[in-house]
Asks: 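The structure follows.
What you see is a predicted model; the values in this text were computed from it and never measured.
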Amino acid sequence: MGYSNFFATRSAQDKLSVLAKVSAPKHSEVKGSGKTRCFAKLAPETRKHLIEEYCMEKNMPIQFWTMSTKEQFSIIKAEVPNAVFVEDPLGATDVIGAMPPGGVVMLENLRMYAG
């Protein structure tokens, strides 16, 4: 699991406490107010540092694999040669509709889109 995905699983209060450690825009505890999106826009080293610090404060083991979606897709593509990667998941309807039975479509990160 990557840092942003891990952050997305935390409570609103925990997210706010993590974001308070950097000069990030203020957010509310309301679900969907953009805390995870804000975190994901931080520099990779900043995300890494914040999550490692969070895990130490919570006495949680730290175990993350940082790998981009494209790197993950290259692993899938090696096993499923007809797999398709779609960078714009909002425009993926045609690609998904054209897939043969058993086809694989990997979408870029959907959680960054409203709805």
Asks: Supply the atom-to-atom distance His49 NE2 to Ile51 CD1, rounded to the nearest 0.5 angstrom.
Replies: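 Those atoms lie 10.5 Å apart.
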Asks: Are Val95 and Val104 linked, directly or through other ILVMFWY residues, by side chains that come within less than 4.5 angstrom of each other?
Replies: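 Not linked; separate clusters.
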Asks: Atom CZ of Phe7 and atom CG of Leu42: how far apart are they, to the nearest 0.5 Å?
Replies: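 Interatomic distance, Phe7 CZ to Leu42 CG, rounded to 0.5 Å: 8.0 Å.
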Asks: Does Met99 belong to the same Ile/Leu/Val/Met/Phe/Trp/Tyr cluster as Phe73, with side-chain heavy atoms less than 4.5 Å apart forming each link?
Replies: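 Cluster IDs for Met99 and Phe73 differ.
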Asks: Could you report the tightest heavy-atom contact between Gly103 and Asn82, atom names first, then the distance?
Replies: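 In terms of heavy atoms, the two residues are closest at CA-ND2, 4.5 Å.
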Asks: How many angstroms lie between CD in Glu53 and OG in Ser17, if you round to the nearest 0.5 Å?
Replies: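 That separation rounds to 9.5 Å.
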Asks: Kindly work out whether a path of hydrophobic side-chain contacts (I/L/V/M/F/W/Y, heavy atoms less than 4.5 Å apart) joins Phe85 to Val80.
Replies: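 Result: yes, single cluster for both.
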Asks: Could you tell me the separation between the CG atom of Leu50 and the NZ atom of Lys21, rounded to the nearest 0.5 Å?
Replies: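 Result: 7.5 Å between the selected atoms.
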Asks: Can you name the closest pair of heavy atoms from Ile76 and Ala83 and give their distance?
Replies: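 Nearest heavy atoms, Ile76 then Ala83: CG2-CB, 4.2 Å.
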Asks: Just how far is it from atom CZ of Phe39 to atom CG of Leu19, taken to the nearest 0.5 Å?
Replies: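 Between atom CZ of Phe39 and atom CG of Leu19 there are 7.5 Å.
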Asks: If you take all heavy atoms of Thr36 and Ala8, which pair is closest and at what distance?
Replies: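 Scanning both residues completely, I find the closest heavy atoms to be OG1-CA, 3.6 Å.
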Asks: Tell me, please, whether Phe6 has Arg10 positioned over its six-membered ring: NZ or CZ under 6.0 Å from the ring centre and within 45 degrees of its axis?
Replies: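 Yes - Arg10 lies over the ring of Phe6, closer than 6.0 Å to its centre and within 45° of its axis.
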Asks: How long is the straight-line distance from NZ of Lys35 back to CG of Asp14, given to the nearest 0.5 Å?
Replies: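 Reported value, rounded in 0.5 Å steps: 11.5 Å.
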Asks: Taking the side chain from Arg47 and the backbone from Ala40, do they hold a donor-acceptor pair closer than 3.5 Å?
Replies: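 At least one qualifying donor-acceptor pair exists.
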